[in-house]
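As the structure lists them, so they are numbered: ligands from 1, and atoms in each ligand from 1. Small disclaimer: the values here were computed from a predicted structure and weren't measured.
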Amino acid sequence: MAEPSVVVTGGAGFIGSHTVEQLLKQGCRVAVVDDFSTGKRANLVAVRDNERLTIIEADVSDGLWSCLSGYVQKHGPVQRIIHLAAQTSVVRSVESPLHDLRANYTATMNAADYARRTGAKRVVFASSAAIYGDVETVPVRESQVALPLSPYGLHKLASEQALHYHAAVHGVPASVFRFFNVYGPRQDPNSPYTGVISIFINRALQNLPLTIFGDGTQTRDFVFVGDIARTLAEACLSDRAGFSLANLGTGNATSVTELAKEIVRLCGSTSTISHGPARAGEIKHSLAAITQARELLDYAPEVALADGLGQTVAWYRSALE
Ligand SMILES: NC(=O)c1ccc[n+]([C@@H]2O[C@H](COP(=O)([O-])OP(=O)(O)OC[C@H]3O[C@@H](n4cnc5c(N)ncnc54)[C@H](O)[C@@H]3O)[C@@H](O)[C@H]2O)c1
């Protein structure tokens, strides 16, 4: 039987490249569609010679038809889509909400529409904890009323609903995952919008001071990219009907102060830790309830924070050399 054929939009990005590796390991044929706005060919260097991988440079906001036509002629229809391509910065979404609308909502509609018209077997979508806004109690469950506080969150939520509509009305199975704070190798340390872990590691390895905004007691749920990639690949290959929705985190809260100290230790750094003013609008606590993912997929994060941070530090160390 022919191997499953999967399109990964945003496959040259941080989470995308790990997902592509996972799918290839499982014997899939994979087409990456990426506009390389933040993604890099270097992220796919370990798999670029795999004959089951095709890399297509295109903007998903323009639709998938024309960019995939040559691929489909050569390899047959796309069966499954993992849609990760996105404008990922909350700050930029506030500055340019209409650009965010196109890069996030329109792009998801394009992926869903392509799946509907081609009879694809599934769309998997990367949503975000940002859809919840500022919640009063943690851990947050999927049943929590979603009141996003940014265009990024709004367009992720609208994208979820677009996929729900395609599943309910047009029978396109969809799996939506709300990622919490994902970290790991290949998270871009030079992006001004990157996560706190990559900023802290990058600075700690250069013995530069780490600045915590606020008192450092704010907590986050940090989940290792390998756990996310494995879960996306598994969900994508499942034949479950209908629409499903689940948080993806670890269910463990880590304060930003604990995180900074652990990173300084792992890096063997002389960095000092200081505090700056709290950032306006920053939420105090973010923590996933992961029961739903456990029930749907038997999900259990495998990589503990200290191990994941160790792997991440090793990668940044080699990237900085
Ligand atoms: N990293 C996290 O902690 C986190 C948390 C919640 C949700 N997410 C979601 O996970 C997904 C992947 O994020 P990431 O952290 O790997 O970011 P990333 O920036 O590394 O990856 C995004 C990829 O999409 C590509 N891309 C962007 N717009 C595109 C377009 N219009 N057409 C084609 N390609 C396009 C980029 O070039 C990049 O390769 C995104 O949807 C993001 O919103 C990430």
Min heavy-atom dist [X] to ligand 1 below 4.0 Å:
X: S37; answer: yes
X: Y152; answer: yes
X: A58; answer: yes
X: R186; answer: no
X: F180; answer: yes
X: S127; answer: yes
X: S61; answer: yes

Examine [X] against ligand 1 and note whether any of their N/O atoms are separated by less than 3.5 Å.
X: K40; answer: no
X: G39; answer: yes
X: V182; answer: yes
X: K156; answer: yes

inquiry  = Taking the cut-offs as 6.0 angstrom to the six-membered ring centre and 45 degrees off its axis, would you call R92 and Y152 a cation-pi pair?
reply    = no
message = Please determine whether ring pair (Phe, Tyr, Trp, His ring centres under 6.0 Å) holds for the pair Y165 and H170, giving the CA-CA distance in whole Å, both sets of side-chain angles, and the decisive distance to 0.1 Å.
response = CA-CA 7 Å; Y165 153 71; H170 300 296; 5.0 Å; yes
inquiry  = Side chain, backbone, both or neither: which applies to H83 and ligand 1 if a contact is any heavy-atom pair less than 4.0 Å apart?
reply    = neither
Any idea which protein heavy atom is nearest [atom], and the distance to it?
atom: atom 20 (O) of ligand 1; answer: F14 N, 2.8 Å
atom: atom 8 (N) of ligand 1; answer: F179 CD1, 3.6 Å
atom: atom 31 (N) of ligand 1; answer: D59 OD1, 2.8 Å
atom: atom 37 (O) of ligand 1; answer: D34 OD1, 2.6 Å
atom: atom 34 (N) of ligand 1; answer: D35 N, 3.1 Å
atom: atom 36 (C) of ligand 1; answer: T38 OG1, 3.2 Å
atom: atom 17 (O) of ligand 1; answer: T88 CG2, 3.6 Å
atom: atom 44 (C) of ligand 1; answer: I15 CD1, 3.7 Å

query = Salt bridge between K284 and E136, side-chain N to carboxylate O under 4.0 Å?
reply = no
ask   = Any ion pair linking K40 and D188 (charged N to carboxylate O, less than 4.0 Å)?
value = yes
message = Show, in sequence, the C-alpha distance, side-chain angles and deciding distance for F224 and Y183, and conclude whether the ring pair (Phe, Tyr, Trp, His ring centres under 6.0 Å) test is met.
response = CA-CA 5 Å; F224 189 64; Y183 73 96; 5.5 Å; yes
inquiry  = Please verify the inter-ring angle class for F14 with H18; under 30° counts as parallel, over 60° as perpendicular, anything in between as tilted.
reply    =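 Aromatic pair F14/H18 classed perpendicular.
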Taking only heavy atoms of [X] into account, list the atoms of ligand 1 that are under 4.0 Å away from them.
X: A85; result: 24 (O), 26 (N), 29 (C), 33 (C), 34 (N), 35 (C)
X: A126; result: 9 (C), 10 (O), 11 (C), 41 (O)
X: F36; result: 37 (O)

request  = Determine, step by step, whether D298 and R294 satisfy the salt bridge (charged side-chain N to carboxylate O under 4.0 Å, His left out) criterion, reporting the C-alpha distance in whole Å, the side-chain angles of both residues, the deciding distance to 0.1 Å, and the verdict.
outcome  = CA-CA 4 Å; D298 219 6; R294 198 174 284 143; over 6 Å; no
ask   = Are S271 and N207 close enough that a side-chain donor and a side-chain acceptor fall under 3.5 Å?
value =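 S271 vs N207: no donor-acceptor pair found between side chains.
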Side-chain donor-acceptor pair present, S5, Q79, cut-off under 3.5 Å = no
Which heavy-atom pair separates [X] from [Y] by the least distance, and what is that distance?
X: T9; Y: H83; answer: OG1-ND1, 2.7 Å
X: T254; Y: L259; answer: CG2-N, 4.2 Å
X: V6; Y: C236; answer: CG1-SG, 3.8 Å

task = Measure the shortest side-chain to side-chain distance between R80 and V8 over non-hydrogen atoms and say whether it is less than 4.5 angstrom.
result = no
What pairs of donor and acceptor atoms, side-chain ones from residues 195-205 against any protein atom, are under 3.5 angstrom apart with sequence neighbours left out?
unit_1	atom_1	unit_2	atom_2	d
S198	OG	T194	OG1	2.8
S198	OG	G195	O	3.1
R203	NE	P209	O	2.7
R203	NH2	P209	O	3.2

Identity of the nearest option to atom 40 (C) of ligand 1, non-hydrogen atoms only, from V33, T9, L84 = L84
message = Given A86, G13, A103, G16, identify the one with the heavy atom nearest to atom 28 (N) of ligand 1.
response = A86
